[in-house]
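Labels below follow one simple rule: chain letters A, B, ... track the order of the sequence lines, proteins then strands, and each chain is numbered from 1. Hydrogens, waters and symmetry mates are skipped; everything else that's a heavy atom, side chains included, is used. Just so it is clear, the structure is predicted and the values come from calculations on it, not from any experiment.
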Number of protein chains: 2
Amino acid sequence: MLPQETVPTCDDDSLQLSSQLCFATYAAAHAFTRFYKPLLEPLGLTYSQYIVMLVLWETDNVTVKEIGQRLFLDSGTLTPLLKRLEASGVVQRKRDAQDERQVRISLTQKGRDLRAPVTAVWRDVVCGVGLTQDDFDALKNQLNQLRQTLDRAGRRDPR
Amino acid sequence: MLPQETVPTCDDDSLQLSSQLCFATYAAAHAFTRFYKPLLEPLGLTYSQYIVMLVLWETDNVTVKEIGQRLFLDSGTLTPLLKRLEASGVVQRKRDAQDERQVRISLTQKGRDLRAPVTAVWRDVVCGVGLTQDDFDALKNQLNQLRQTLDRAGRRDPR
DNA sequence: CAAAGATATATTGCGCGCAATTGATTTGCG
DNA sequence: CGCAAATCAATTGCGCGCAATATATCTTTG
């Protein structure tokens, strides 16, 4: 008998909640935001704002578009979010002088100062997930791979 | 040297987007809903409505609370969602005669008829994720485990 | 049986995600 | 150059998630 690629079964029973990889992903993602919420709240950040700040701590003075590409979010999500971050004083929004279509986002001192307490939060989360380094990385890589596959398969006619 | 549990590192570089398991989970979950959207749209369902229907196809005539427990959602999310499902004619909402606090959700014929086309959608998704049965199940189980760990760790003083 | 507490759903308010559209700016092409 | 197409951000509209609160109903307890 030849070794064969076993594709997940598609019989009738498979349409159960417990069989759904999508639901496991969905539920785990929401569990993460629930877990983060009380930790980020004292810092005045939501989970989505937190991942935007991660981008800025890595690369300051980026455009809205660049943030969107890294986070897979669009301007409809980012514009109001960034305005809230600006209102709370952690970032500054400014039209690019060279290309006035773009808006560049830069950290304020208050924004830079948030990095240390957020690092502490992140330590809590790492402990909270209760995984070894290897399992942590393996799971992360599988999910990144899955996202990429889904997004590529999702574009119609990907020639 | 003793074998030791390797906890994920917490040095300064770890606070990068690419190191974040939470972001990988978050992004994969949104990729799933993006992938599902054009497939479910012709059936008049959103992704969230889809997972509610999964519950109902497994167990008809359940209370809002039971749906919430299975999906980790509360009444603030479910009540308006179920009203929309009722408005589109796929479910019926009715106060329980024995306990008037409860609202029981049951499928209409139109709701039962949706099961077949949704099974077809699910086949598309299974192919879209491009995983073998084993990888699919393993990833699903790890995510379920992760969700459980996060939710348990999240409750303060879990005595 | 009445009051107190527990339970189930509904409502309100806020912050996302995202599709679709708009407006401003820049680029590309004849 | 001049105008059409492309690009970027903002806006609008809708459907979640979820905390906090409100309301109605049931249960428990004295």
Side-chain angles (χ1 to χ4, degrees), chain A residues 23 26-38 40-41 44-53 62-69 71-88 93-105 147 151 154-156, chain B residues 23 26-38 40-41 44-53 62-69 71-88 93-105 147 151 154-156:
Chain A
F23 176 68
Y26 161 97
H30 287 302
F32 259 125
T33 66
R34 278 194 297 268
F35 189 89
Y36 265 102
K37 185 166 214 226
L40 291 175
E41 210 149 53
L45 292 177
T46 64
Y47 177 73
S48 305
Q49 291 167 6
Y50 161 75
I51 60 172
V52 169
M53 293 302 283
V62 288
T63 65
V64 174
K65 168 148 234 261
E66 284 162 354
I67 297 175
Q69 283 170 339
L71 301 181
F72 312 102
L73 296 174
D74 69 359
S75 69
T77 300
L78 288 173
T79 296
L81 186 155
L82 290 167
K83 283 184 175 177
R84 280 186 285 271
L85 283 180
E86 185 180 41
S88 72
R93 297 164 62 246
K94 226 172 125 179
R95 288 272 163 196
D96 187 301
Q98 269 64 52
D99 185 342
E100 294 258 342
R101 290 172 305 182
Q102 301 183 137
V103 169
R104 294 207 162 264
I105 311 297
R147 179 195 47 66
D151 273 340
R155 323 202 177 298
R156 12 222 149 294
Chain B
F23 176 68
Y26 162 96
H30 287 303
F32 258 125
T33 66
R34 277 194 297 269
F35 189 89
Y36 264 102
K37 186 167 216 235
L40 291 174
E41 211 149 51
L45 292 176
T46 65
Y47 177 74
S48 306
Q49 290 168 5
Y50 161 75
I51 60 172
V52 168
M53 294 301 283
V62 288
T63 65
V64 174
K65 170 151 232 264
E66 284 162 354
I67 296 175
Q69 284 171 339
L71 301 182
F72 313 101
L73 296 174
D74 69 359
S75 69
T77 301
L78 288 173
T79 296
L81 186 155
L82 290 166
K83 283 184 174 177
R84 280 186 285 269
L85 283 180
E86 185 180 40
S88 72
R93 298 163 62 247
K94 227 171 123 180
R95 289 273 164 195
D96 188 300
Q98 269 65 53
D99 185 344
E100 294 257 340
R101 289 172 305 180
Q102 301 184 138
V103 169
R104 294 209 162 263
I105 310 297
R147 179 197 47 67
D151 273 339
R155 324 201 177 298
R156 13 220 149 296

| said: Does a side-chain N or O of B:Y26 approach OP1 or OP2 of C:dG17 to a distance below 4.0 Å, or not? | reply: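 For B:Y26, the contact criterion (side-chain N or O under 4.0 Å from OP1 or OP2 of C:dG17) is met.
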| query | Below 4.0 angstrom from OP1 or OP2 of D:dG15, is there any side-chain N or O of B:K83? | reply |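 Negative; the distance criterion is not met.
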Quickly work out the [X] [atom1] to [N] [atom2] distance and round it to whole Å.
X	N	atom1	atom2	result
B:I67	C:dA10	CD1	P	11 Å
A:K37	C:dC16	NZ	P	11 Å
A:D74	C:dC18	CG	C1'	5 Å
B:R104	C:dA10	CZ	P	14 Å
A:Q69	C:dG17	CD	P	18 Å
B:R84	D:dG15	CZ	P	5 Å
A:K65	D:dA9	NZ	P	8 Å
A:E66	D:dC8	CD	P	9 Å

Closest non-hydrogen atom pair between [X] and [Y], with its separation:
X	Y	answer
B:F72	A:R34	O-NH1, 3.8 Å
A:R147	B:A28	CB-CA, 4.0 Å
A:I51	A:S48	CG1-O, 3.1 Å

Side-chain contact test, heavy atoms from C-beta onward, threshold under 4.5 Å: evaluate it for [X] versus [Y] and give yes or no.
X	Y	value
A:Y50	B:F23	no
B:I67	B:L73	no
B:Y26	A:F32	no

Contact class for [X] vs. all strands (heavy atom < 4.0 Å): base, sugar-phosphate, or nothing?
X	value
A:S48	sugar-phosphate
A:L81	sugar-phosphate
A:T46	sugar-phosphate

| query | For the side chain of A:L73, counting heavy atoms from C-beta on, which of C:dC18, C:dC16, C:dA8 is nearest? | reply |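 Of the options given, the side chain of A:L73 lies nearest C:dC18.
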| query | Nearest 0.5 Å, what's the OG1-CZ distance between A:T63 and A:R93? | reply |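 So the OG1 of A:T63 and the CZ of A:R93 are separated by 13.0 Å.
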| Nearest-0.5 Å distance, CG of residue A:L40 to CD of residue A:Q49 |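 Result: 9.0 Å between the selected atoms.
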Are there any protein N/O atoms within less than 3.5 Å of an N/O atom in nucleotides 1-3 of chain C, and if so, which ones and at what distance?
none

| task | Would you jot down, in residue-number order, the residues of residues 28-36 of chain B having a non-hydrogen atom under 4.0 Å from DNA chain D? | result |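 Those residues whose heavy atoms fall under 4.0 Å from DNA chain D, taken from residues 28-36 of chain B, amount to none.
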Checking only heavy atoms, does the side chain of [X] share a donor-acceptor pair with the base of [N] at less than 3.5 Å?
X	N	result
B:R101	C:dT9	no
A:T79	D:dA9	no
B:S75	C:dA10	yes

| note | Residue pair B:F72/A:V103 against DNA chain D: nearer the 5' end by closest nucleotide is A:V103
| field | Under 3.5 Å: donor-acceptor pair, side chain of A:S88, backbone of A:L85 | value | yes
| said: Can a donor-acceptor pair be found, under 3.5 Å and without considering hydrogens, that links the side chain of A:R104 to the backbone of A:D96? | reply: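 The answer is no, because no donor-acceptor pair under 3.5 Å joins these two groups.
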| 5′-ward residue of the pair A:Q98/B:R93 relative to DNA chain C | B:R93
